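Within every chain, numbering begins at 1; the chains are lettered A, B, ... in the order of the sequence lines, protein sequences first and strands thereafter. Since the model is a prediction, treat every value here as computed from it, not as a measurement.
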Amino acid sequence: MTAMLRQMTTRGTPYLFLLPGLVILGALLSVPLYKVVEYSLYDNVIVERNPTWVGLDNYTTLLTDPGYWSAGLNTLVFTIGSVAGHMVVGIGLALLVNADINPRARTFFRSMLVLPWIFTAVVVALNWQLLLNPFGLVNYVLQWLGLTSEPLDWLGNPDLAMWSLLLISTWRGYPFIMVSFLSGLQTVPRELYEAAEIDGAGFWHKFWHVTLPQLKPVIYGVALLDLIWTFQLFPLVWLSTGGGPGRATEVLSTLTFRLAFVDFQFAQAATVAVSILIISAAFTLLYLRNEARRL
Amino acid sequence: MSRIEIRNLVKMYGAQQALHGIDISIEPGEFCVLVGPSGCGKSTTLRMVAGLETISGGEIAIGDRVVNGLRPKERGIAMVFQNYALYPSKTVYNNMAFSLQLSKMPKPEIDRRVREVAEILELTQLLDRKPGALSGGQRQRVAMGRAIVRDPEVFLFDEPLSNLDAKLRGQMRAEIKRLHQRLENTIIYVTHDQVEAMTLADRIVIMRDGRIEQQGTPDEIFHDPDTVFVAGFMGSPPMNLVDCMVTPTGLKLGDSEIACATPERIRPGERVICGIRPDDIRPASDQPGGAPITLPVTLIEQLGTEKLVHFSAGSHDMIGKTGGRTELAEGRPQELSFDMTHAYFFDPESGKRIR
Amino acid sequence: MSRIEIRNLVKMYGAQQALHGIDISIEPGEFCVLVGPSGCGKSTTLRMVAGLETISGGEIAIGDRVVNGLRPKERGIAMVFQNYALYPSKTVYNNMAFSLQLSKMPKPEIDRRVREVAEILELTQLLDRKPGALSGGQRQRVAMGRAIVRDPEVFLFDEPLSNLDAKLRGQMRAEIKRLHQRLENTIIYVTHDQVEAMTLADRIVIMRDGRIEQQGTPDEIFHDPDTVFVAGFMGSPPMNLVDCMVTPTGLKLGDSEIACATPERIRPGERVICGIRPDDIRPASDQPGGAPITLPVTLIEQLGTEKLVHFSAGSHDMIGKTGGRTELAEGRPQELSFDMTHAYFFDPESGKRIR
Amino acid sequence: GEIEWLQWFAAEDSTGFYDELVADFQAKHPDITVKLVTQPFGKVRESIVTDNAIGVGSDVLGLNMPWTKEFLDIGILEPLDEYLAREGNSFATEDLVEAPLGQIDGHSWMVPLNAFPFVMHVNMGLVRKAGFDAPPATWEEFAAQAKAISALEDGTSGIGMPFSSQPPSNGPILTFLPLLYANGGRIMDGTTPNFDNPKVVETLQFLKDMNDAGGIAPGAASRTGGVDLEEFIAGRTGFLISPGVHSSSITGRNPDLDYTLVRVPSNGDKAYRVHGWEIGISADSDNKEDAWTFVDYLLSPEVNARAAKAANALPGNLAALDMVREGADETLLKQMEILEGDTPVEEMRQSPKAAGSWSVMTEEIQSMLRGDKTPEETAAAVQARWLDLAK
Amino acid sequence: MADTAHPSAARRAVNEERRRRWRQAGTYAALTVVTFILVFPILWMISVSLKPTTETFSLPPRLLPDEFHWGGYAKVLTDPKFRTFLLNSYLVGLAVTFLSLVIGTLAAFGFSRYRFFGDRVAKLFVITTQMVPTITLLIPYFGVIVFLGLYDTLWGLVLTYLTFALPYSIVMMNGYLDTIPRDFDEAATIDGCTPLGVLVRVLLPVALPGIISTAVYTFLLAWNEFLFALALTRSMDMRTVPVGISMMVGEFGLKWDEMMAFSVIGSLPVLILFMLVQRFVVGGLSAGGVKG
Ligand SMILES: Nc1ncnc2c1ncn2[C@@H]1O[C@H](COP(=O)(O)OP(=O)(O)OP(=O)(O)O)[C@@H](O)[C@H]1O
Ligand SMILES: Nc1ncnc2c1ncn2[C@@H]1O[C@H](COP(=O)(O)OP(=O)(O)OP(=O)(O)O)[C@@H](O)[C@H]1O
Ligand SMILES: [Mg+2]
Ligand SMILES: [Mg+2]
């Protein structure tokens, strides 16, 4: 009898640990999540006090809207570009900043390099607008170096705007990857590098054949988290370009916002949100699968 | 197959000196084992030969080249690490092929060599596995295979067997011996385990605190130690080393007297350290020849085929041996016979052998 | 000091059965060693006694209590882990004091006990260090100290020495033995190393594939094995186990005949597995009594005080022994004397001993 | 009772004027407390809608005329006709600037706290340097001067056009509409969009020509209103079309600027786009009486004059003009002249999806300036997309 | 022989040393250049904060102002409003960090150390909550907060950021705890720890690097968040730094100097905090605990 009771409490232990977290998440987010899905099935929510049920009409509208598809395509470019940028810059810097140099200097460089992370998006966006402005510093330097003859309108030229946005997003996002990768680097056994050195490996060989494979789980996890976040990154894009010029940098999150708060079409916005949810869920399943494999 | 010359090798870690001028000269094809207590500088020496540590002073030559400034890959060496350091993401095949791939060897040639070595080490079945799916002994073999495929002039081993269990350790020891007989490369091998040192080495180098204490063949080291340190270090259970007073007829050990010949250089009345291996102390019934003394037995350890007899002589705890089937009781005095023909004598101050 | 009764213990991992009904009864104060090949279920058994694994069937009693449902801390046990599992962020002192602190013992009392144990284990100098700053042997002692301060009824050791080097292993083995003699706790000790098993145990339990193969005193296990498995498992180098044909006067081993007495139950013409320890095969000059046969010596391993003589008899590779100073040449036939009084015979089918 | 006043005015003011205003009101009305809820301008519109959706809307709302129609669709605003008709009001309805009062759906929905006519700010230094001695009054002069100033030296331009997509992307209503109105054009036909009319095309053509001639600062598609203003203050553009209220920050921040202010150059029509800070009452307010008491207080000539001065604007209650006129500088006097003499136009109030329509205009004008579309196509495209949005 | 060999050995040793020094110099050079480029936008922000607004747009652009203009800093440092914003941001940031570490670590411990019915579903739920763009959640979420009576309180913000930060904390801490051998748990269990005791007394000290990097992430998330901070508060007393900064983006222009000054001042403590904790972000604390 007591044994059974004990068994039950033992079985219950993990649930007790999860309880606070799940309660908070559940209490605060399950209703909003449910609401968003519900909104997407009605017409004119919020604006109308008594919205009408339209079933999947919003989805049909959405899927036939070229604006949605182009925003989707932009999102894809932006997400992949940003994540790739974060990874390349973040990993590169992590390697550099992990080098065997004076510890004080190392602390200094690490702290400096993490700076882009600690400013709020409004400031980051405005600052980059200043820098990328036709009369701004970037153009000035490029002209001074003779790389361009005319000032370029980085954020106003549809051919350049996405690149500029990727630049800003990369700048803003690499520190997270850098810090994660840096902590990962500490776990790579030194012997592996030594073995590789004896096998005749140079810097790049060591990176490709030792560092990367060793940190694959870290990279995979971090990349997927980054992917999910970048996929719905809103403030930075909205404040930097507002989706423009035209809709050249419109991504799904800015489209959602535009639908919701510019056009007050909350139902349509919810529909886009649900579509983002579905796509992110695919990422997440990928992530969980990867994690299961790691265990 | 290259000669290795290590001349006056010095290593500084900051202000701390880890090696104080090491000189070793290893013949082509010789199997040289470095032993010594933890922290004595064995790994440091080996890693300097490999090129993994910078050289603070002195010179290392492999073959005819001084390799001081060379990178590891230019030294013609291969190394097996204590914890194997296999690339976890590569298959056994690729672990072994990696260095060949880096050296841009043609694919078919790589394949031929990897398979040949795998055959020797009985790894052929495992070529597609990753290290994570191997047992300890198999990993160890892969680590060796990785070194062997390169066909280096010199092999370096840093405690390659210390992570294996006793049984496997014995097997792999034999395997390494066989490999050496077959490949005939020059080998430097670091170990803690004196059985490995004794069975594998052509030459043993005993180190202590960054200096060489003695070097020579296993027989020399074991049967003709130069210092009390070497005498105590080699042999398990270790040699009994007891502080004795020299008497005209032999030695005074605690209250008992043992009759034996002492080297001429020592006079009666002097103190001396006397070393006697446990094998040379046996119950009088086992070994009729020696000098019998009756001493109290404190503990008997049954090892199976033999028993260790712990007894005390004055303030010294000493160990003798007997066969596994000899009946002997703890806690009672026992007549023990000391075979003093194989006793060693050392100067208590300098620790040097008195011959 | 408690009796431990393990009755029909069964462990299932999912559908896979790891233990098939283990029965062990350990007297108060007894030192019980579990040995067996890797994966045979030693750790599983130990961990079930500790309460770290659930019990799928059967019963474990410590003292008078069935502990099946109890938490580890309620069982009055302490455990030393193979890899020590020291708390890396705590000092040695706090590592040792932790369980006492948890049990709300008064501070001065904790301090007294920790210092006392530290004194025994020679850890007093190290009490303020963290595990990262200790050598392997020191860590091992801290792990032991952590178990000892609790003064438990039962100690559980899971391969406590397997990560130490040979020298240290020998020292710590003796230390554990001394501790047991002093504290007189009941101990269950898991090891791979038969020397440990032989020297430490009051009772050895040999396991194989989740079953008990034989249990008894070290002498019984070593000198009176019940099965060919046990005979081959205990002893290093292992017992020579050779397939022989029984002849009217003895055995036929390869081309040679050995004269010896065979158990009555076996008739001439039957096959039998004959086990002879290497100790009982020596050069004829060493051991005049036995049956001499001339066989080719393939390899000689110098261990210092003794040499292993590898030779082949028909298709069998066998090992004999000789003293460390005996001169013997490899590659040449040698007259070897087999002391058949200590030979064992086993049924080739069942592996059971034929007495 | 307690009422909340949601506005962005206090964020624009650094003197603490609004706290004092509230304190003054509470001193006069001890039974009413007013809580000042200040939001950044860019977020007020969203906040009002969000708050309303949750049911925590403020009682008194700071409003911007272009939001009106959208808010009406959601039902946020309380009709003010009945309040305006009251006897005891501290102001006369006829004295208020007219545009905000104009009826939509048969009701008035807001009252003006203050008003800013759109004007053209002029850097006379650049004008003179380019060889002219007077600011432009007509489009022709305007184009010529802008072009000449752009040609002056590196980095100066005639005029900036803030057509960035960055929120709120309202460049067209800041610059394009004032020009259109001065050209006699309109973009609405009652309550329906009417963007593709000849006047609009003509105005677009004017912009395009000026741009092609180099009169417009480069980077219009990424230029925000803020940057536009800053560059004018920094002396980098000759002209700036924006609310007259900017004159004080221009002269305040760069006193060295040889600055004047004129009517937006016209093709004969004396019409100006009027803008201001408006006040409304939330339909969901539990305390509409107190809310009105507060609004009434804000509109009383004396308070209204103070509010106007604090914002460097003109009062919404024109009866306060005389009070503001005392000690007013020349630029303010010029604005008063415009306010009193010219026709105020405000079309965004009744326009459906105003905020969305700015984005549409912004995007289409961007593509016109890039040379991807003709003015006709631009006008047609805006019209089509706007109608689609309003559907 | 020795006579000829030694000079060459010495030369080689020097070569090696020189090579190492060159490599270090290269690393420093690369780091300096890269850091300068990447930190330049921030230098620019500092520069803007020190320029009078008219100079912000001067041509050609200049990093150093003609004359240092401390007006922005003076304004920000003297206005009590900004002190409130900073205080609120730090309060909220620290509270969120603390709570999400506590709650997240508990949940992570559950996921890491137990297999139980529904574990994958629970984890999926945790991650799913992250996947909807937060802007679309704004209105319904706002409703929940009002319903809970937490509207216009810092607690409302804390709770909100907690819901954003928790999934990350759980996932990351789970990963870190997974790297700690179970042996510690078992040793502590035998020493008499409850599961909670195992977590708090034994695992957390070992997981410190993970805790710190999770904390950094969480803090910055709360520190930088703007949309919800704006929507869920309305009194000046409850505003945070990002909202304060956005207030400087007015209808008619922008207070560049004040805005940048405020950003810089607000970020300084964060930077110092990071410098202090970054030592723990690296290096294995489990050294020596287990062998093999
Ligand atoms: N990176 C280092 N920095 C400072 N001292 C070091 C370093 N590596 C080794 N040492 C010191 O150099 C000495 C020799 O170390 P080494 O590793 O060669 O010993 P070892 O003989 O291999 O010991 P073990 O048997 O324990 O492996 C030791 O005292 C050690 O503390
Ligand atoms: N958690 C587990 N899940 C499934 N099977 C397990 C688990 N733990 C152990 N086993 C299996 O149970 C059997 C006994 O394992 P156990 O660890 O007790 O072996 P052991 O005798 O201690 O071996 P070793 O000497 O290698 O430590 C093995 O076959 C092992 O594969
Ligand atoms: Mg070493
Ligand atoms: Mg085990």
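- With a 4.5 Å cut-off on non-hydrogen atoms, C:Ala147 does not touch chain E at all.
- No part of C:Lys130 comes within reach of chain E, as not one of its non-hydrogen atoms sits under 4.5 angstrom from that chain.
- Residue-environment remark: OH (C:Tyr13) exceeds the threshold of 12 foreign heavy atoms within 6.0 Å.
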Only pairs under 3.5 Å count here: list side-chain donor-acceptor contacts from residues 186-205 of chain E, not counting sequence neighbours, and write none if there are none.
unit_1   : atom_1 : unit_2   : atom_2 : d
E:Glu186 : OE1    : C:Arg47  : NH1    : 2.6
E:Glu186 : OE2    : C:Arg47  : NH1    : 3.0
E:Glu186 : OE2    : C:Arg47  : NH2    : 2.6
E:Thr189 : OG1    : E:Asp185 : O      : 2.5
E:Asp191 : OD2    : C:Tyr87  : OH     : 2.8
E:Thr194 : OG1    : E:Gly197 : N      : 3.1

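- Within the model, atoms CZ of C:Phe81 and CZ of E:Phe184 stand 10.5 Å from one another, a figure rounded to the nearest 0.5 Å.
- Within residues 95-119 of chain C, the residues that have a heavy atom under 4.5 Å from a heavy atom of chain E are C:Phe98, C:Ser99, C:Leu102, listed by number.
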